[in-house]
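Side chains are part of it too, since the values below use all heavy atoms of this structure and drop only hydrogens, waters and symmetry mates.
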Amino acid sequence: MASRPEVQAPPEIFYNDVEARKYTSSSRIIEIQAKLSERALELLALPDDGVPRLLLDIGCGSGLSGETLSENGHTWIGLDISPSMLDIALEREAEGDLLLSDMGQGLGLRPGVIDGAISISAVQWLCNADKSSHEPRLRLKAFFGSLYKCLARGARAVFQVYPESIAQRELILGSAMRAGFAGGVVVDFPHSSKSRKEYLVLTCGPPSVSTAVPKGKGEDGESSSEDSSGDEDNQTVSISDRHRPKKKQKLNRRGKGREWVMRKKDQMRRKGNVVPPDTKYTARKRKARF
């Protein structure tokens, strides 16, 4: 696991000037990034009407995935935590608007303005506690909650991820579901250790036909008809219904009149606790206003 960048250093430190330039100058990396971005754009399932969409590239780095979005005629906003990566994106004259931002602190974007979002190999970084103030669950909650707000209803978000374990995959997917998203995980080439790729496909809005998770690709490059949820490594690959966090229910006051209060006070006295004396005002319901 030592080869995984996210276990070596925080992203803003790992992707320094040297590493950022080496990453962007690698023809192999450029080719892989283009393929992953094309697949993510395909899973976004944007309407084929020729109208440019405003997309969000989360963890945009030096703008490699943004090039794919521009080539397909879309406008995009890229955000990344590494200043070195964004400097190279400016040098390469990336066509998108660039933001220096930590996605774990939430996205400061207006509600409902984004038509879709993609992310290539970035979201799993949120599962690490790189600082003493970092709590992965809270950072994932802030990220997915703010993403849900800024997406237009019915819009999709597609994240290509490299989860370290099944538990990490469940943590990411569970955080997305609690934020209100519907969706699941799409696995391409599930039986290939080298070509296997996972995409978290989420839809913003109430469950509908459009929230159905597409099938992953098989070895022949076509959509796989196998049910990947039967694979031992893919037990969490399933469609999850959208559910918003339930509001705290008000306490049921039924049965909690004077008798109940007196009984509770007697119990407290038997335990040796100091209890206010009983008066005619004990358990009397207050008026709505003074």
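- For K197, the NZ atom is densely surrounded, since the number of other residues' heavy atoms within 6.0 Å is greater than 12.
- Side-chain atoms of E198 and V186, non-hydrogen and from C-beta on, never get closer than 4.5 Å to each other.
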**OP:** Report the C-alpha distance between R263 and E259 in whole Å, list the side-chain angles of each, state the deciding distance to 0.1 Å, and finish with yes or no for salt bridge (charged side-chain N to carboxylate O under 4.0 Å, His left out).
**Re:** CA-CA 6 Å; R263 187 168 62 253; E259 293 182 1; 5.5 Å; no
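- Counted within 6.0 Å of NZ on K149, heavy atoms from surrounding residues, nucleotides or ligands total 12 or fewer; the atom is thus considered open.
- Under the 4.5 Å side-chain heavy-atom criterion for ILVMFWY residues, a single connected hydrophobic cluster contains both L171 and M103.
- Counting only N and O atoms by type, the side chains of D57 and S65 include a donor and acceptor under 3.5 Å apart.
- Surrounding CD of E95 are at most 12 heavy atoms belonging to other residues, nucleotides or ligands under 6.0 Å away.
- Within the model, atoms CZ of R153 and OG1 of T203 stand 12.0 Å from one another, a figure rounded to the nearest 0.5 Å.
- Residues C127 and L140 share a closest heavy-atom pair of SG-CD1, 4.4 Å.
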Subject >> Residue pair K271, D266: steps toward the salt bridge (charged side-chain N to carboxylate O under 4.0 Å, His left out) verdict >> reply: CA-CA 9 Å; K271 292 180 180 178; D266 287 339; over 6 Å; no
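- Listed here is the closest heavy atom pair of D115 and A155: O-CB, 3.4 Å.
- Looking at T24, its side chain never comes within 3.5 Å of a backbone N or O of S62 through a donor-acceptor pair.
- For the pair V185/V201, no side-chain contact is recorded, criterion being any heavy-atom separation below 4.5 Å from C-beta on.
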**OP:** Could you walk me through whether K35 and E38 pass salt bridge (charged side-chain N to carboxylate O under 4.0 Å, His left out), step by step?
**Re:** CA-CA 5 Å; K35 290 182 179 179; E38 285 285 357; over 6 Å; no
**OP:** Evaluate the side-chain contact (heavy atoms from CB on, under 4.5 Å) criterion for residues I172 and V123: first the C-alpha distance (whole Å), next the side-chain angles of each, then the deciding distance (0.1 Å), finally the verdict.
**Re:** CA-CA 8 Å; I172 296 173; V123 175; 4.0 Å; yes
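- D80 approaches M85 most closely through the heavy-atom pair OD1-CB, 4.3 Å.
- A salt bridge is defined here as a Lys NZ or Arg NE, NH1 or NH2 lying under 4.0 Å from an Asp or Glu carboxylate O, and R28 with E31 fails to meet this definition.
- The environment of CG in D49 is crowded: more than 12 heavy-atom neighbours from other residues, nucleotides or ligands sit within 6.0 Å.
- Aromatic ring orientation, F144 versus F181: perpendicular (interplanar angle above 60°, classes split at 30° and 60°).
- The two atoms that bring L202 and M177 nearest to each other are CD2-CE, 3.7 Å, heavy atoms only.
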Original post:
Is there a side-chain contact (heavy atoms from CB on, under 4.5 Å) between L41 and L55 once you walk through the steps?
Top reply: CA-CA 10 Å; L41 191 58; L55 305 179; 4.0 Å; yes
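- Donor-acceptor pairing under 3.5 Å is recorded for the side chains of S121 and Q160.
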Subject >> Working for side-chain contact (heavy atoms from CB on, under 4.5 Å), residues T282 and K265 >> reply: CA-CA 10 Å; T282 300; K265 292 178 73 173; 4.0 Å; yes
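- In summary, the side chains of Y199 and E42 do not present any donor paired with an acceptor at a separation below 3.5 Å, with no hydrogens or angles considered.
- A 6.0 Å sphere centred on CE of M262 holds more than 12 heavy atoms belonging to other residues, nucleotides or ligands.
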Original post:
R21 and E91: salt bridge (charged side-chain N to carboxylate O under 4.0 Å, His left out), yes or no, with the steps?
Top reply: CA-CA 11 Å; R21 199 164 296 279; E91 288 180 14; 3.3 Å; yes
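- Although no hydrogens or angles enter the test, the distance criterion places a donor-acceptor pair under 3.5 Å between the side chain of S119 and the main chain of I58.
- Of all the heavy atoms in I81 and L100, the pair that sits closest is O-CD1, 3.6 Å.
- No side-chain heavy atom of I118 sits under 4.5 Å from any side-chain heavy atom of L56.
- L86 and Y23 fall into different hydrophobic clusters, where Ile, Leu, Val, Met, Phe, Trp and Tyr residues are linked whenever their side-chain heavy atoms come under 4.5 Å apart, directly or through other members.
- Within the 3.5 Å criterion, the main-chain N or O of F189 finds no donor-acceptor partner in the side chain of S192.
- To the nearest 0.5 Å, the span separating CG on L54 from NE2 on H74 amounts to 11.0 Å.
- L90 is connected to L69 through a chain of hydrophobic side-chain contacts under 4.5 Å among Ile, Leu, Val, Met, Phe, Trp and Tyr, so both are in one cluster.
- Side-chain contact between V158 and L200 is absent, with no heavy-atom pair separated by less than 4.5 Å.
- Between D17 and I88 the shortest side-chain heavy-atom distance does not fall below 4.5 Å.
- Under the 4.5 Å side-chain contact rule for hydrophobic residues, L64 and F14 share a cluster.
- Note that CG of D188 is 4.0 Å distant from CZ of R39, once rounded to the nearest 0.5 Å.
- Atom CZ of R53 sits about 11.0 Å away from atom OG1 of T75, to the nearest 0.5 Å.
- Residue R92 places its CZ atom among more than 12 non-hydrogen atoms of other residues, nucleotides or ligands, all under 6.0 Å distant.
- Taking every heavy atom of both residues into account, L36 and I120 meet most closely at CD1-CG2, 3.7 Å.
- Between S84 and Y15, every side-chain heavy-atom pair lies at or beyond the 4.5 Å cut-off.
- Side-chain contact check for R137 versus S175: every heavy-atom pair is 4.5 Å or farther apart.
- Interatomic distance, OG1 of T279 versus CZ of R284, reported as 8.0 Å (0.5 Å rounding).
- Clustering ILVMFWY residues whenever any of their side-chain heavy atoms sit less than 4.5 angstrom apart, transitively, puts L147 in the very cluster that holds I77.
- Contact of the Y148 side chain with the L107 side chain is not registered, since no non-hydrogen atoms from C-beta on lie closer than 4.5 Å.
- Rounding to the nearest 0.5 Å places CG of L126 at 7.5 Å from CG of D102.
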